[in-house]
Amino acid sequence: MGFFKSTTEPEASTFWEHLETLRWTIIRILLVLVALVVVLFGFKDFVFDQVVFTPLNSDFVIYRGMCKLAELLHAPEFCPGDFNIQLINIDISGQFIAHLSATFTIALVLAVPYLLFEMWRFIAPALYPNEKSSVGMVFFSSSFLFYLGAVVSYFLIFPLTIRFLGTYQISDKVPNQISIQSYLSTLYILVFAMGLMFEMPVLAFLLSKLGVINRDTLRGVRNYAVVIILILSAVITPTTDPFTMLVVAFPLYLLYEVSILVCKPKAPEEPDEDE
């Protein structure tokens with residue numbers, strides 16, 4: 001089994017051949033991740049100054065957009081105003097660890113399509129020809145939806161969250177001193193959480209294929225789903241205004257409606273043979 005040997009051979013394979021295929025799949029994934037990490041590690045200024053730290057001040061694109069919207073709606077309370085959140089490092093190796101973690105995380109996000117492609121290559125031999133096309137579309141859709149969720153989180157949810165929590169004070173006597181580790185962990189969690197939540201239509205499609213749910217099932221629980229989406233939005237964006245919560249809830253609700261569309265309709269009940 002060579003490094004570039006195809007995993008889509010039609011002949012049946014033994015258990016050890018499958019294990020060898022899995023081994024080379026993991027090796028290729030690790031090599032791609034290492035290559036991305038090495039490349040990104042040399043672009044420290046760009047990674048942190050242009051990507052990671054840009055939501056820390058009021059010049060970020062979403063804040064400027066909210067201020068322009070506030071002017072159009074004559075609702076100044078929607079404008080975040082001028083602010084600049086400062087981060088601190090309290091560990092001697094904290095900044096180096098932050099550099100490594102940020103580089104690896106961005107490399108992992110960039111490698112998502114390749115990871116899904118390798119997964120598809122690995123399971124493709126076990127699929128029938130008519131299944132391969134649908135599964136390939138699932139993996140393509142998964143990549144697109146993951147990136148869409150990550151972009152929504154980075155440009156919308158995370159900035160609103162960090163702005164609220166980073167500037168919130170119970171008293172002027174207690175200034176905020178946010179550690180870089182706390183900031184980065186919040187960024188990672190929100191980006192990956194929203195990326196996974198945006199996989200809702202793909203999950204619904206797969207469950208529909210397996211016969212677990214159907215279009216009527218999701219339509220029947222739509223009211224409960226709306227409540228759950230609003231609760232999730234409130235948890236993700238712990239701000240005091242309902243506007244921010246609705247901004248987060250709206251794309252999630254649209255994803256739920258898309259999930260309904262991609263599900264198979266309920267199969268018609270077959271007539272009883274005795275009748």
#### Entry: Non-hydrogen atoms of P159 and F60 that approach each other most closely
CG-CE2, 3.4 Å

### Query
Hey, what do you get for CG (L108) to CG (L110), rounding to the nearest 0.5 Å?
9.0 Å

#### Entry: pair I27-R23: side-chain heavy atoms closer than 4.5 Å
yes

### Derivation and outcome, side-chain contact (heavy atoms from CB on, under 4.5 Å), residues L87 and S179
CA-CA 6 Å; L87 302 180; S179 69; over 6 Å; no

### Query
Taking all atoms of both residues into account, what is the closest heavy-atom pair of A107 and L33, and its distance?
O-CD2, 4.0 Å

### Task
Examine F250 and V152 and state if one hydrophobic cluster contains both, with Ile, Leu, Val, Met, Phe, Trp and Tyr joined whenever side-chain heavy atoms are less than 4.5 Å apart.
no

### Summary
Result for side-chain contact (heavy atoms from CB on, under 4.5 Å) between V52 and one of I180, T105, V47 points to V47

### Message
Run the side-chain contact (heavy atoms from CB on, under 4.5 Å) test on N84 and S58 for me, step by step, so that the C-alpha distance in whole Å, both residues' side-chain angles and the decisive distance to 0.1 Å come before the verdict.
### Response
CA-CA 7 Å; N84 187 29; S58 56; over 6 Å; no

### Task
Answer with yes or no after comparing the ring centroid distance for F198 and Y147 against a 6.0 Å cut-off, counting only values under it.
no

### Message
Distance check, rounded to the nearest 0.5 Å: L252 atom CG versus I229 atom CD1?
### Response
6.0 Å

### Message
Test of understanding: clusters of I, L, V, M, F, W, Y form through side-chain heavy atoms closer than 4.5 Å, transitively. Do I88 and L165 belong to the same one?
### Response
no

### Residue pair L160 / Y63: nearest heavy atoms and the distance that separates them
N-OH, 4.4 Å

#### Entry: Enclosure of I92 CD1 (heavy-atom neighbours >12, cutoff 6.0 Å)
no

### Query
Between D91 and I97, is a side-chain contact (heavy atoms from CB on, under 4.5 Å) present by the stated rule, with each step listed?
CA-CA 10 Å; D91 296 324; I97 298 300; over 6 Å; no

### Message
To the closest 0.5 Å, what do you measure between CE (M200) and CD1 (I260)?
### Response
10.5 Å

### Query
Is any side-chain N of the basic residue among K68 and E71 closer than 4.0 Å to the acidic one's carboxylate O?
no

### Message
Do L230 and Y253 have side chains that approach each other closer than 4.5 Å (heavy atoms only, starting at C-beta)?
### Response
no

### Query
Should the heavy atoms of other residues, nucleotides or ligands under 6.0 Å from CD of Q95 be counted, would the total exceed 12?
no

### Query
Honestly, is R222 close enough over Y256, meaning NZ or CZ under 6.0 Å from the six-membered ring centre and within 45° of the axis?
no

### Query
Okay, side chain of N176, backbone of Q169: is any donor-acceptor separation there less than 3.5 Å?
no

### Task
Supply the atom-to-atom distance Q50 CD to D45 CG, rounded to the nearest 0.5 angstrom.
9.0 Å

### Message
For I178, is there any backbone N or O sitting under 3.5 Å from a side-chain donor or acceptor partner on S182?
### Response
no

### Task
Inspect the surroundings of CG in D82 and state if more than 12 heavy atoms from other residues, nucleotides or ligands are less than 6.0 Å away.
no

### Task
Specify the closest pair of heavy atoms between L232 and M197, including all atoms of both residues, with the distance to one decimal.
CD1-CE, 3.9 Å

### Query
Is L156 reachable from F83 through a run of I, L, V, M, F, W or Y residues, each pair having side-chain heavy atoms under 4.5 Å apart?
yes

### Query
SG of C79 to CZ of R64: how many Å apart, nearest 0.5 Å?
12.0 Å

## Note on the structure
Between P113 and S143 the two heavy atoms that sit nearest each other are CA-OG, 3.6 Å

### Task
Kindly indicate, with the supporting measurements, whether the criterion ring-ring contact (aromatic ring centres under 6.0 Å, His included) is fulfilled by F158 and Y183.
CA-CA 10 Å; F158 177 72; Y183 175 85; 5.3 Å; yes

### Task
List the steps and the verdict of side-chain contact (heavy atoms from CB on, under 4.5 Å) for C263 and I213.
CA-CA 8 Å; C263 280; I213 61 175; 3.9 Å; yes

### Query
With distance as the sole test, does T167 use its side chain to make a donor-acceptor pair with the main-chain N or O of R163 at under 3.5 Å?
yes

### Query
Which residue pairs satisfy the side chain to side chain donor-acceptor pair (under 3.5 Å) criterion with at least one member in residues 148-160, sequence neighbours excluded?
T54-Y154

### F41 reachable from Y188 in the ILVMFWY side-chain graph, under 4.5 Å edges
no

### Query
Do L30 and L36 sit in the same hydrophobic cluster, where Ile, Leu, Val, Met, Phe, Trp and Tyr count as joined when their side-chain heavy atoms come under 4.5 Å apart?
yes

### Summary
In this structure, CG of L145 is separated from CZ of F140 (nearest 0.5 Å) by 9.5 Å

### Query
Do S208 and V262 come close enough that some side-chain heavy atom pair is under 4.5 Å?
no

### Summary
Closest non-hydrogen contact found for P55 with I162 is O-CG2, 4.0 Å

### Query
Any idea how F48 and F53 line up, ring-wise: parallel (<30°), tilted (30 to 60°), or perpendicular (>60°)?
tilted

